[in-house]
2 protein chains.
Amino acid sequence: MLGAAAKKDFANGETLSTALGELSAKLGQKVVMSRAVREQHANITTFLPNEPADAVIMATCVEDVQTTVRICAAHNVPIIPWGAGTSLEGHVNAPYGGVCIDLSGMNRILKINTEDLDCVIEPGVTRKRLNEELRDQGLFFPIDPGADASLGGMASTRASGTNAVRYGTMKDNVIALKVVMPNGELITTSRRARKSSAGYDLTRLFIGAEGTLGIIVEITLKLYGIPESIVAGVCSFPTIADACNTVIQTIQCGIPVARIELLDEVQVRASNAYAKLTLPETPHLFLEFHGSETGAAEQAEMFAALAADNGGGPFASAEKPEDRTKLWQARHDAYWSVLPLRPGAKAVATDVCVPISRLAECVEATKTDIIEMGLIAPIVGHVGDGNFHTTLMVDVTDHSDVAKAEIFMKRLVERALAMEGTCTGEHGVGEGKKKYLYAEHGAGTLDAMHAIKTAFDPQNIMNPGKILPG
Amino acid sequence: MLGAAAKKDFANGETLSTALGELSAKLGQKVVMSRAVREQHANITTFLPNEPADAVIMATCVEDVQTTVRICAAHNVPIIPWGAGTSLEGHVNAPYGGVCIDLSGMNRILKINTEDLDCVIEPGVTRKRLNEELRDQGLFFPIDPGADASLGGMASTRASGTNAVRYGTMKDNVIALKVVMPNGELITTSRRARKSSAGYDLTRLFIGAEGTLGIIVEITLKLYGIPESIVAGVCSFPTIADACNTVIQTIQCGIPVARIELLDEVQVRASNAYAKLTLPETPHLFLEFHGSETGAAEQAEMFAALAADNGGGPFASAEKPEDRTKLWQARHDAYWSVLPLRPGAKAVATDVCVPISRLAECVEATKTDIIEMGLIAPIVGHVGDGNFHTTLMVDVTDHSDVAKAEIFMKRLVERALAMEGTCTGEHGVGEGKKKYLYAEHGAGTLDAMHAIKTAFDPQNIMNPGKILPG
């Protein structure tokens, strides 16, 4: 079945001009058409081409979004939502033109409910800004994808990151959403109560929908008390398998580890060179434990014992913030440390996720492939979830280099799928992973996704060309 | 907008006979038409009428489900999925006739993946049976709605229960589903990886859909290691507000309490009478702490201090299984202890859930209403989630008594909605709560739900008359 996602006869020429004219008449200087701004809003972190929209709308309120959507719907103009531009799979590209709606100006924190451990925010609030505002109240929002992404974007890509192993992903931490639907209507997906069984889970449907079903304009998030004690740890292992077995046992024992990150020896070597560190150049786990003073210390101790059983160690730990930062430096600098490995090349992140029992095997086979293909691609992994990234250095100006990267990525996805894994653990589909969805889900499941898309957005104006092949 | 959910021209007379004939030809003795069996499958735990289906299909495999759905789709016959018959809102009724598909025979545990902490099961497996199978492996599945429900039914109603405060609800503990769609096609909603951003979250869409979008035929569930130590606790409080404030502070402090249940003084009095206990007849919290030996003990100690700050105490705790069972007896017996309060009456459970900051106020106002209306309705609450149940004793043979109960329930829902709460925290909508969905969600949100229903099930054969008003 081909649904709305296959529809491509969008406004152009005179119709598009009419739509842009109406937008300018209603929204004035919020409509920006300069080439530089349009290209910046289609900034792509991979080798996908930059496909700018025809205009960028600098929205500052829900009404701006509704006005934009209604005018675009009337003229069949695509709408691409934009938060902070940190997406990794071409989500912000405009392959069929249209307007990009920049939500970064909708960045108010509307309410912090300390007793309920929740807050209500606009989608342009970034996670770092939110945590700055929360700190004085002893609260934090845990989801940390690395980049200072907008929370609207994080919801839309079902983002997670280093501490999903303990706190879950965006799907586990959003209580309710307000969404402007493809017809311009504003809906609320759920009440502020912590749980509900009152009908279909529209909240989770919009999380990970990448703006293809509607535009998120308000988010109610779960918050957490800042732990009394945070202990950071680093531990070296002889092999990836030893590190992975330690992770499996850690989770089986119920140690509520907050972060447990794998760096392969190639990444450790790069980090040593970049930050003048002296870590042994073997696979490492970087850890963080949250709890009471005794609780976090006990967790670290239990982990160290399991690591030793698996040939790991020594285990170094730290509790003071500055010492923790120092201990974790190799992990924090991972992305930057890779860039000097191939000057001029772009770092392209892969994102497969497999059941944790298959992780060591998947990482090892991928490393063999990297070596055999002569690629530069250090590995970091959110290993508690079975999710890992290779940071592949690609010369995006060299077609044969890009072609080689694509072969590597295809084989990596096929390997993960063969292990009951997914092509994307947390980055989303965008344009980049569309081609893998059939292999991942099969026809019937894609039919169901297409049916939802067609039901919500029969004109296919909401971020067309993303997620669904067709 | 009225979608598929409004459609009511289902097969009857000759068409229905043809369909039942085809089902018998294909499924033989799995098709049961005796009145007793049909009525038993529409057994209702409230004052809703018993509306039996025209036949019950005793399915034992996915093919039985597909055969049933295909024949029913061809003849426009409603299909009502049935798991263990423990639903509380008339989910298993057949208001338009049709066939009930009994999935209790699909009760195989297909795979337990200890390293990945997950398992793959058929929908008829009950939670107690699953936990019996898991115990030897040191694992458990935490969601505990009280009744020994089937896991298919629990997924379909987005069930939760006493330890959702720590382990979440069904939506947080299902990794993937296999579903027979309304056209008979079998789809898989997700891979077995712990997380994925690969397209729309169909898993969460079917969780809580109450069989109105398709029939769940396989479930991949998250599992947990049995904690090293479990400590049970009981604490008395002068008022509901004191108990609720203690709960708020407990959660703010990050004490990872596994269960935290409120019993009001009416419930405590009933429990004392039923089990010859001597608890002070004031509001109580019943608690459970999971962790390491020192961790669970520390949690209990921290809680006791907070309780004392709020005028609560003494706090009694126990660690040995038999002592824990004894300590929690009043909670375990809550339902049974209420029945003697009004012999011959039926216990009907309400299910609102509000933000926890509003819980004390909501419970107090409800108690005032109970007294003013002269009702018998003890209260138990999953207070960490803001969810509480009144166990309303209703003489279902007395119209005026039922009418009074309905007025009370309507006012309770309105009170919860005014506090940003929901009409159902965990029981689902079924037939009973349909009338509240418009007030809870508004027209636009219901339109979106109707659009999904119409897209998936244009004939409205999947459990018609449930969830969506129309």
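To find a chain, count down the sequence lines: A is the first, B the second, and so on, and within it residues start at 1.
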Tell me, for [X] versus chain A, whether the close heavy atoms (under 4.5 Å) come from the side chain, the backbone, both or neither.
X        : value
B/Ser196 : both
B/Glu185 : side chain
B/Leu202 : side chain
B/Thr203 : neither
B/Ile226 : neither

Which residue out of [options] racks up the most heavy-atom pairs below 4.5 Å with chain A?
options                                : value
B/Ile255, B/Leu213, B/Leu205, B/Ile251 : B/Leu213
B/Asn113, B/Thr114, B/Leu359           : B/Thr114
B/Gln249, B/Lys171, B/Lys433           : B/Lys171
B/Ser292, B/Gly225, B/Gly442, B/Gly295 : B/Ser292

Margin query: side-chain hydrogen bond (donor to acceptor under 3.5 Å, both in side chains), that's the test. Do B/Glu298 and A/Thr294 meet it? Break it down for me.
Written below: CA-CA 9 Å; B/Glu298 187 192 33; A/Thr294 50; 2.6 Å; yes
Which portion of [X] sits near chain B, non-hydrogen atoms under 4.5 angstrom:
X        : value
A/Leu417 : both
A/Thr189 : backbone
A/Val354 : backbone
A/Asn387 : side chain
A/Glu210 : side chain
A/Tyr224 : neither
A/Pro355 : both
A/Lys434 : neither
A/Met181 : side chain
A/His427 : backbone
A/Leu186 : neither
A/Ile356 : both
A/Lys195 : both

Do any N or O atoms from the side chain of [X] and from the backbone of [Y] form a donor-acceptor pair under 3.5 angstrom?
X        : Y        : value
B/Asp116 : A/Ser357 : yes
A/Arg194 : B/Gly386 : no
A/Ser197 : B/Arg158 : yes
B/His441 : A/Arg191 : no
A/Thr445 : B/Thr188 : yes

Next item on the list: Measure the CZ-CZ distance between A/Arg204 and B/Arg204 for me, rounded to the nearest 0.5 Å.
Entry: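 Rounded to the nearest 0.5 Å, the CZ-CZ separation comes out at 8.0 Å.
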Item checked: Rounded distance [0.5 Å steps], CD1 in A/Ile207 versus OH in B/Tyr200 ->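 Result: 14.5 Å between the selected atoms.
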Margin query: Using side-chain heavy atoms (C-beta onward) and a distance below 4.5 Å, is B/Asp447 in contact with A/Ile187?
Written below: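 When only atoms from C-beta onward are counted, A/Ile187 and B/Asp447 do not touch, as no gap falls below 4.5 Å.
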Tell me the closest heavy-atom pair linking [X] and [Y], and the distance in Å.
X        : Y        : result
A/Val429 : B/Gly199 : CG2-N, 3.7 Å
A/Ala193 : B/Gly421 : CB-CA, 4.2 Å
A/Ala448 : B/Phe456 : O-CE1, 3.6 Å

Checklist line | A/Leu139, A/Leu117, A/Leu223 screened by side-chain contact (heavy atoms from CB on, under 4.5 Å) with B/Gln252, the one that passes | finding: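 Testing B/Gln252 for a side-chain contact (heavy atoms from CB on, under 4.5 Å) against A/Leu139, A/Leu117, A/Leu223 leaves exactly one candidate, A/Leu117.
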Margin query: Applying side-chain contact (heavy atoms from CB on, under 4.5 Å) to A/Asp172 and B/Asp172, what does each step give before you reach the verdict?
Written below: CA-CA 7 Å; A/Asp172 304 302; B/Asp172 305 301; 3.7 Å; yes
